[in-house]
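What follows is one structure encoded as structure tokens, with my remarks underneath.
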Amino acid sequence: MSNIVFDNVKKSFDSGLQVLRGISLTVDKGESHIILGRSGCGKSVLLKCLLSIFELTDGDIFVDGISVKDKKRRGEYMRKFSILFQGNALFDSMTILENAMFGVKQLGKKNAECKRIAVEKLEAVGLDESVFDLYPAEISGGMQKRAALARAIAIEPEILLFDEPTSGLDPITGGMICNLLRDTVRKLNVTALTITHDLKVAEFLADRASVLNDGNIVWTGHTKDMKNCGNEFVEDFYRASNVILDNKLR
Amino acid sequence: MNPIATLGHYTLETLREIGRVAIFAAKGLKSCFVPPFFWREIFRQIMQIGFYSLPIVGLTAFFAGVVIALQTYVGFTRFNAEGAVATVVLITITRELGPVFAGLMVAGRVSSSIAAELGAMKVSEQIDALMTLRVDPYKFLVAPRIIAGTLMLPILVLICDIIGIMGGFLISVTRLEFSIGTYLAQTMNNFVMMDLVSGLVKAAFFGFTLVVFGCYYGFNSELGARGVGNATTNAVVFACICIFILNSLLTALFFGI
Ligand SMILES: Nc1ncnc2c1ncn2[C@@H]1O[C@H](COP(=O)(O)OP(=O)(O)O)[C@@H](O)[C@H]1O
Ligand SMILES: [Mg+2]
């Protein structure tokens with residue numbers, strides 16, 4: 001288990017767009033933390049800063065005390081994570097089984113051992129042999145999500161990151177994936193950080209939630225306290241999440 | 001708008017882009033020599049870039065040989081120099097047209113598909129996924145393509161040279177009243193190793209270049225379908241331009257002009 005500390009993280013792009021304006025946040029060891037925010041507010045950017053896919057403009061991120069900027073400990077830093085990408089990001093030139101084996105192979109294990117681990121993880125996320133030899137494009141979105149999760153957990157990370165885990169799925173499949181994620185996080189006993197715009201997902205998965213707006217974390221606390229937290233944006237977000245359907249139907 | 005400022009801006013931007021491509025090429029080249037090596041990927045790219053290019057490249061070479069023989073024959077009969085047809089075919093194919101045609105055809109086929117494939121991988125976050133699975137995208141995606149391109153282009157060109165010369169030979173002995181014996185003798189007598197070798201070395205450079213452009217524009221493709229489209233076009237256009245420039249430089253270098 002690991003903890004994550006965001007220390008005054010700022011990120012702007014060459015276009016001049018300042019997406020993150022000073023994020024400070026601590027995710028404790030073993031916690032399941034959620035970052036909530038509107039679409040386009042910079043949630044994915046924050047995750048990519050954490051994964052050092054984007055370089056920070058200012059501030060720092062520590063995972064178990066290791067800085068994201070520490071080039072010498074880069075390998076050790078990166079080994080702690082695994083991520084479930086928003087669009088799954090399965091390698092489309094490989095079969096489902098090869099996808100699940102891919103990360104394990106890089107750890108230097110023998111082929112048979114990799115295969116055993118991959119099959120075990122694929123079965124753990126509810127996929128059976130019939131899809132192992134299919135390509136990602138040949139299976140449904142929900143199955144792709146499961147396969148991507150199998151690939152992510154096969155490398156035994158200490159931290160699991162989920163980027164919009166239910167987006168693009170119907171509510172029933174989304175609910176099933178949510179359940180699967182919660183069970184997985186509990187069973188593996190890892191630290192989890194989820195980003196989503198969906199309050200339902202947050203309520204279901206989170207121990208604590210943080211709300212991101214305008215490049216800042218405007219509130220952190222338990223999702224059940226959101227309704228009357230005193231912050232106008234957070235309360236609006238909460239209300240909108242619960243009424244939006246009713247308004248549309250009326 | 002101040003035209004001089006605009007000109008200056010574009011010049012600087014072009015220089016910057018050249019710098020970025022050069023840095024990318026250097027990084028890609030380095031990753032070819034540092035383990036781990038992804039043998040399966042290397043083999044796959046050798047098939048993709050080398051083997052599957054053979055039909056179009058061979059076809060181009062054949063007709064290039066045919067046309068050179070026909071045109072030189074028409075020109076040279078005016079000076080009663082038709083005897084030189086075999087030699088002209090031999091030299092133009094091995095020195096210039098073999099490598100340049102192969103380079104351009106493979107650029108059209110391979111640079112575009114590399115840019116599109118890597119661009120799509122970038123857009124769908126597959127390149128980010130590689131990094132989080134502890135795989136260096138340069139080693140997994142760029143190095144195998146550079147290795148395949150640089151090794152396979154000379155082999156393609158060698159085959160191309162043979163097919164091109166055969167094209168010239170066939171048209172000459174069937175349509176142009178050459179005897180098989182004399183044509184072959186002339187070809188043999190005028191064969192110079194340096195012509196062939198210079199062409200093959202050029203081919204290796206072209207192979208490297210066209211792969212680098214494909215990978216560079218794929219990696220830097222902007223998000224969305226249009227971004228990938230632009231990346232594909234840029235890769236082919238700049239690979240072709242670069243092949244022509246390199247060809248002139250290498251010709252000057254080899255033949256001391
Ligand atoms: N590579 C990039 N270059 C420039 N701008 C970017 C890049 N990636 C994201 N952005 C911008 O950052 C903002 C936040 O995007 P993102 O983090 O993807 O939103 P979301 O919260 O929905 O995940 C958007 O306005 C987007 O245009
Ligand atoms: Mg996002």
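Numbers restart at 1 for each chain; the letters A, B, ... are given by sequence-line order, proteins then strands.
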- Message: Tell me every residue that passes salt bridge (charged side-chain N to carboxylate O under 4.0 Å, His left out) with A:Glu113, counting only those two or more places apart in sequence or in another chain.
- Response: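 A:Glu113 satisfies salt bridge (charged side-chain N to carboxylate O under 4.0 Å, His left out) with A:Arg116 only.
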- Task: Kindly assign one of parallel, tilted or perpendicular to the pair B:Tyr217 and B:Phe213, based on the angle between their ring planes and the thresholds 30° and 60°.
- Result: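 Parallel.
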- Query: Between B:Tyr138 and B:Phe24, how do the two ring planes meet: parallel, tilted or perpendicular, split at 30° and 60°?
  - Reply: tilted
Please flag which part of [X] lies under 4.5 Å from any non-hydrogen atom of chain B: side chain, backbone, both or neither.
X	result
A:Leu161	neither
A:Ile53	both
A:Phe81	backbone
A:Asn88	neither

- Query: Quick one: what part of B:Thr132 sits under 4.5 Å from any heavy atom of chain A, side chain, backbone, both or neither?
  - Reply: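 Contact with chain A: backbone and side chain both.
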- Query: Which region of B:Ile127, side chain (C-beta onward) or backbone (N, CA, C, O), has a non-hydrogen atom less than 4.5 Å from a non-hydrogen atom of chain A, or is it both or neither?
  - Reply: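 Interface part for B:Ile127: neither.
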- Query: Does the pair A:Lys145 and A:Glu164 meet the rule for a salt bridge (Lys or Arg N to Asp or Glu O under 4.0 Å), with working shown?
  - Reply: CA-CA 11 Å; A:Lys145 210 42 118 189; A:Glu164 307 274 8; over 6 Å; no
- Indicate whether the side chain of B:Thr251 and that of B:Lys202 have a donor and an acceptor atom separated by less than 3.5 Å.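 Short answer, yes.
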